[in-house]
Amino acid sequence: MATHSVGIDFGTTNTSIAIVHSDGSIELGQFPFLGRLTDAYRSLLYFEQVAGAAGAPPVTYCWTGPAGIEHYLSADSQGRLIQSLKSFLAVRNMEGTQVFEKKRTIEELIGRILADVRAEASRQFGIDIRHATVGRPVRFVGADNLDDDHYAEDRLADAFNLAGFDTIAFELEPVAAAHEYESRLDHDELILIGDFGGGTSDFSLVRVGPTVRENGRTDEDLLGNAGVGIAGDAFDAQIVRRLVSPALGSRSQFQSMDKLLPMPAWPYSNLERWHHLSLMKTGEVIEQLERIKAQALEPKMIGYLIHLIRYDLGYQLHRSVQKLKTELSTWTTSEFEFRDGDLWLRSTVDRAWFEGWIEHELQQIEMCVDGLLASTGVQPKQVDAVFLTGGSSFVPAVRRIFQSRFGAAKIRAGHEFTSVAMGLARQAAERS
Ligand SMILES: Nc1ncnc2c1ncn2[C@@H]1O[C@H](COP(=O)(O)OP(=O)(O)OP(=O)(O)O)[C@@H](O)[C@H]1O
Ligand SMILES: [Mg+2]
């Protein structure tokens, strides 16, 4: 049986896949997107239903990743866009969601994304991919204990299984990133990896380098790991809370009997988390919101909220938030804009405000890093380099956490969206 050294990083926001060829060269999966190629396959699905011919039942179509976005953007009908599913894996009471007439489990939905990635990459690499080393966070989003964490890993394994994989081997995402970083080293180092994605921030303290590789890795080379379910999606939540929710009624009131009550929190806490917003579009939720709207002091605002859910505008909202966040990583000020019919939100945002909004999240990330140093007894001065990767590592306030502890000269970066997949593939090659 031929085995191939394939690594797959199923991320909350992006999935990437890499292969190490027999000559040692590495190749990334490349996917067509709006006329160009991308190696970051958006971890999303888009479902659309079209009427069946001559009385036949309707037909449901599903696209994932870049094709999902393309169809979503060009569609005029009301489909279903589902994103950030990885954040549901540890949530025991979240089995799945109704998509049109069919109930689909989280495993099935993720499996569908992975099946498409597998098929497209199999074509590109010229092999039938059935084995892979796959990433997992140190701690899944929403996992309160180790049992939850194992439960999430088992569900992810089931999703790979449904996608046609025969065997998979799990590796921690930051450890995989360490392998990628090591591939550029000509000397040994003790490194701290920080991988900041959409759902989780993950850390590993690892000894890497040619000697470690040649002598064979031992458990002692991995000094420790730590992780927290706070990253880009949690930063986005703060942006939505400040710039979007108020215009959709979060600070408004509704009439209940002879009392005025504040709007319930649940529609807005769901609106602020991409994975929850994705599953909000049910008849029951829309009915509940319509009832609230009928008693609301500002029904127009609740109408906007209902419209956003009914027409599945989560992707557009995500895109507006993403644009603001990305620009604030480069500039100290940027424009936020979200337009939907006569709802037109525009504001100028200073980076300093954004940093204030995410202060609590940054503190939790800092506590996680400091906890790892404390539990391993490693002093910052003993760390030779700090490799920051993942899309959220672009956030200047995230980088500052490391600059202040380790000094700017020790910070390394690169391959933000692909280092984990490449490291996983290298590890698969090393194992075989
Ligand atoms: N320039 C940027 N500035 C700030 N944030 C960014 C930038 N580019 C991407 N991001 C954020 O990075 C996140 C995606 O990063 P990445 O692809 O590494 O995550 P992931 O691997 O899918 O998630 P996870 O590892 O948590 O499962 C998103 O939250 C995105 O908004
Ligand atoms: Mg990641």
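Counting starts at 1 for both ligands and their atoms, following the listed order.
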Only heavy atoms of Gly390, strictly under 4.0 Å: list the atoms of ligand 1 that pass. 18 (O)
Spatial distance of atom CG (Asn161) from atom CG (Asp154) [nearest 0.5 Å]: 11.5 Å
Numbered atoms of ligand 1 (with element) below 4.0 Å of Thr200, judged on heavy atoms: 26 (O)
Give the numbers and elements of all ligand 1 atoms closer than 4.0 Å to a heavy atom of Glu173. 25 (O)
Just to confirm my output: which protein heavy-atom neighbour is closest to atom 2 (C) of ligand 1, and how far is it? Phe394 CB, 3.5 Å
Should the proximity of Phe417 to ligand 1, defined as any heavy atom under 4.0 Å, be assigned to the side chain, the backbone, both, or neither? side chain
Would Ser329 count as a polar contact of ligand 1, with the cut-off being nitrogen or oxygen pairs under 3.5 Å? yes
Under a 3.5 Å distance rule, please check whether Gln83 uses its side chain to pair with a backbone N or O of Thr13 as donor and acceptor. no
Per-atom contacts, ligand 1 versus Thr13 - under 4.0 Å to a heavy atom: 14 (C), 20 (P), 22 (O), 23 (O), 28 (C)
Name the closest protein heavy atom to atom 17 (O) of ligand 1, giving the residue it belongs to and the distance to 0.1 Å. Asn14 ND2, 2.7 Å
Show me which atoms of ligand 1 lie under 4.0 Å from any heavy atom of Gly11. 20 (P), 21 (O), 22 (O), 27 (O)
First locate atom NE2 of His307, then atom NZ of Lys300, and finally report the distance between them rounded to the nearest 0.5 Å. 12.5 Å
In this structure, atom 24 (P) of ligand 1 is nearest to the protein heavy atom Thr12 OG1, 3.4 Å
Using 30° and 60° as the class limits, which term best fits the ring planes of His71 and Trp63: parallel, tilted or perpendicular? parallel
Going by the atom numbers of ligand 1, which of them fall below 4.0 Å from some non-hydrogen atom of Gly232? 29 (O)
What distance do Lys86 atom NZ and Arg155 atom CZ have between them, rounded to the nearest 0.5 Å? 14.0 Å
Within the distance-only criterion (no hydrogens, no angle test), does the side chain of Arg207 pair as donor or acceptor with the backbone N or O of Leu190 below 3.5 angstrom? no
What protein heavy atom lies closest to atom 23 (O) of ligand 1? Include the residue and the distance to one decimal. Gly198 N, 2.9 Å
Lys325 heavy atoms within 4.0 Å reach ligand 1 at atoms 3 (N), 5 (N), 11 (C), 29 (O), 30 (C), 31 (O)
Among Ile82, Ile69, Asn14, find the one that has a side-chain contact (heavy atoms from CB on, under 4.5 Å) with Leu44. Ile69
Please check: side-chain N/O of Ser25 versus main-chain N/O of His21, any donor-acceptor pairing under 3.5 Å? no
Find out whether the Lys NZ or Arg CZ of Arg412 is both under 6.0 angstrom from the six-membered ring centre of Tyr181 and within 45° of the ring's axis. no
For atom 7 (C) of ligand 1, what's the nearest protein heavy-atom neighbour? Residue, atom name and distance, please. Gly391 O, 3.4 Å
With a 4.0 Å cut-off on heavy atoms, does Ala231 reach ligand 1? no
In this structure, atom 30 (C) of ligand 1 is nearest to the protein heavy atom Gln322 OE1, 3.4 Å
Relative to Trp344, does Arg346 satisfy both conditions: NZ or CZ under 6.0 angstrom from the six-membered ring centre, and within 45 degrees of the ring's axis? yes
